[in-house]
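Written below as structure tokens is the structure these notes are about.
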Amino acid sequence: MNKITVKASQDYDVLIGSGLLADIGKYAGEVLGSRRTMIVSDDNVFDIYGEKVTKSLQDAGFEVSDFVFPSGEKSKSHNTLLQLYDWLAAENITRADSIIALGGGVVGDLAGFAAATYLRGIDYIQVPTSLLAQIDSSVGGKTAVDIEAGKNLVGAFKQPKLVVADIDTLSTLPEEFFKDGLGEAVKYGMIRSEALFKLIEKGEVKEHLEEIIVKCVDIKREVVENDEFDKGLRMILNFGHTIGHAIEKIQNFNGLTHGKAVAVGMMTLTKAAAKHGMVDESVNDRLRRCLIVNKLPYHADISPESLYDNAITDKKRFSDDINIIICKKVGEAEIVKMKLTEFKKLLTE
Ligand SMILES: NC(=O)c1ccc[n+]([C@@H]2O[C@H](COP(=O)([O-])OP(=O)(O)OC[C@H]3O[C@@H](n4cnc5c(N)ncnc54)[C@H](O)[C@@H]3O)[C@@H](O)[C@H]2O)c1
């Protein structure tokens, strides 16, 4: 088992390895005070892992209840959130009790936001079961729900007490969602580690899965420790996201899923930056080859004008400026502040 300690406003461990779910009760018992906890999960994940996690927690002396909602991004909404608040109230949850977020990024973001806000904050543990959640969303304390105007527009920073990433759970993750995690893994390589990128561009991700997850989490640790509240360095994690979020929104969250939209976002921006002489063509080519080898999309049939219109509602916009993340080299990201007019030119000309 690998253990990475994140030093943030609240320090916590990220455990990564095989067979960890069976011992979740033991790990939870080490960091939680009260022996009352609520599992929040989606129906796909709970059907497969709910019983195992519940039993392990009960064996460790926990009193356990569960709140299970329909899987998918559409559930990361204020409707589900309000149902969850009502359920927590009906269960008489106190500030001493906790939430266990068992699932992918949707579960983690929603359950984390409930933990950040219910009773002004209760403890929670992330138990990520998708590749995307294991390498990215479960670490760093960003929690959120989506609203009509855009993804993740309502949220809070709330670090978990612990993250338990059992890589065995990825064996049941459908391939299309595995690809979403892969999109984010490519991002980590592009922004911070050429060594990681090299592992992925060979197209042998499954052979090096644990190593790749550990490397991604360690990059996230480093970035979060430097800038927990997203005022500077942490913005580099948004490489590909401004356009990725725009694509998800244009397609009404029914088209490309998050990591694939991020893949197209990284490529669209890198291609535009190369065209404008901001990035070397070789970086553009290498990124495209890496996406192709890993069977990730690199183009979406959407007009640049529509991409621009939908990208500027992103959280990275400040008045007439927007922060764009550009990788001039593989493994090195830069935050570039642009006027909206320049950004429009970059995308559309
Ligand atoms: N908080 C952050 O820092 C952060 C970072 C990146 C992404 N996100 C968010 O993460 C979300 C995407 O996460 P995701 O890709 O995990 O999506 P998801 O949570 O919807 O999971 C994808 C699908 O896989 C299923 N699933 C998950 N684990 C499974 C398993 N082990 N076996 C079988 N099925 C399984 C889910 O039920 C779902 O149908 C987006 O909402 C995105 O905004 C958050």
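Order of listing sets the numbers, starting from 1, for every ligand and every atom in it. Numbers here simply count residues along the sequence, with the first being 1. Note that the structure is a prediction, hence the values are computed from the model and not measured.
Residue Y49 has no nitrogen or oxygen atom sitting less than 3.5 Å from a nitrogen or oxygen atom of ligand 1, judged on distance alone. At least one N/O-N/O distance between N44 and ligand 1 falls below 3.5 Å. For ligand 1, the polar-atom distance check against T129 finds a nitrogen or oxygen pair separated by under 3.5 Å. For the pair H258 and ligand 1, the shortest N or O to N or O distance does not fall below 3.5 Å. Taking any N or O of T143, backbone or side chain, none lies under 3.5 Å from an N or O belonging to ligand 1. Checked against a 3.5 angstrom limit, the closest N/O atoms of T169 and ligand 1 fall inside it.
The atoms of ligand 1 that sit less than 4.0 Å from any heavy atom of K76 are 9 (C), 40 (C), 41 (O), 42 (C), 43 (O). For ligand 1, the atoms closer than 4.0 angstrom to any heavy atom of K151 are 40 (C), 41 (O), 42 (C), 43 (O). The ligand atoms of ligand 1 that sit less than 4.0 angstrom from a heavy atom of L132 are 6 (C), 7 (C), 10 (O), 12 (C), 13 (O), 15 (O). Distances below 4.0 Å separate heavy atoms of K220 from the following atoms of ligand 1: 3 (O). The atoms of ligand 1 that sit less than 4.0 Å from any heavy atom of E73 are 40 (C), 41 (O).
Here the closest non-hydrogen pair linking D43 and S71 is OD1-N, 3.0 Å. Smallest separation of non-hydrogen atoms from D97 and N92: OD2-O, 4.3 Å. Looking at every heavy atom in both residues, T169 comes nearest to P128 through OG1-O, 4.2 Å. In plain terms, the two heavy atoms of E201 and V293 that are nearest each other are O-CG1, 3.6 Å.
With atom 18 (P) of ligand 1 as the reference point, the heavy atom nearest to it among I48, V45, V106 is part of V106.
Nearest to atom 10 (O) of ligand 1 among the protein's heavy atoms is G105 CA, 3.4 Å. In terms of protein heavy-atom proximity, atom 24 (O) of ligand 1 is closest to F177 CD1, 3.5 Å.
A salt bridge is defined here as a Lys NZ or Arg NE, NH1 or NH2 lying under 4.0 Å from an Asp or Glu carboxylate O, and E225 with R221 meets this definition. Under the 4.0 Å criterion applied to side-chain N and carboxylate O atoms, D136 and K220 are assigned as salt-bridge partners. With respect to the salt-bridge test (charged N to carboxylate O, under 4.0 angstrom), the residues K206 and E175 qualify.
Heavy-atom separations between E176 and ligand 1 are all 4.0 Å or longer. Within the structure, the closest approach of G259 to ligand 1 does not fall below 4.0 Å when heavy atoms are considered.
By the 30° and 60° cut-offs, the orientation of the rings of H245 relative to H241 is perpendicular. The aromatic rings of F229 and F157 sit perpendicular, their planes meeting at an angle over 60°, well past the 30° parallel limit.
Residue contacts with ligand 1, taken as heavy atom pairs separated by less than 4.0 Å, do not involve D43 at all. Neither the backbone nor the side chain of K179 has any atom closer than 4.0 Å to an atom of ligand 1 (non-hydrogen atoms only). Residue T172 touches ligand 1 through backbone and side chain together, judged by heavy-atom distances below 4.0 Å. Residue contacts with ligand 1, taken as heavy atom pairs separated by less than 4.0 Å, involve P174 solely via side-chain atoms from C-beta onward. Here D109 has side-chain heavy atoms under 4.0 Å from ligand 1, and that is the only part of it that gets that close. Counting heavy atoms closer than 4.0 Å to ligand 1, residue S137 contributes atoms from both its backbone and its side chain. Contacts between K142 and ligand 1 below 4.0 angstrom, taking non-hydrogen atoms only, involve backbone and side chain alike.
Using a 4.5 Å heavy-atom cutoff, the side chains of S77 and D146 are not in contact. Using a 4.5 Å cut-off on side-chain heavy atoms (C-beta onward), E334 and M278 make no contact.
Within 6.0 Å of CD on E207 lie more than 12 heavy atoms contributed by other residues, nucleotides or ligands.
Of the residues I99, V31, D11, D13, the one that meets the side-chain contact (heavy atoms from CB on, under 4.5 Å) test with K161 is V31.
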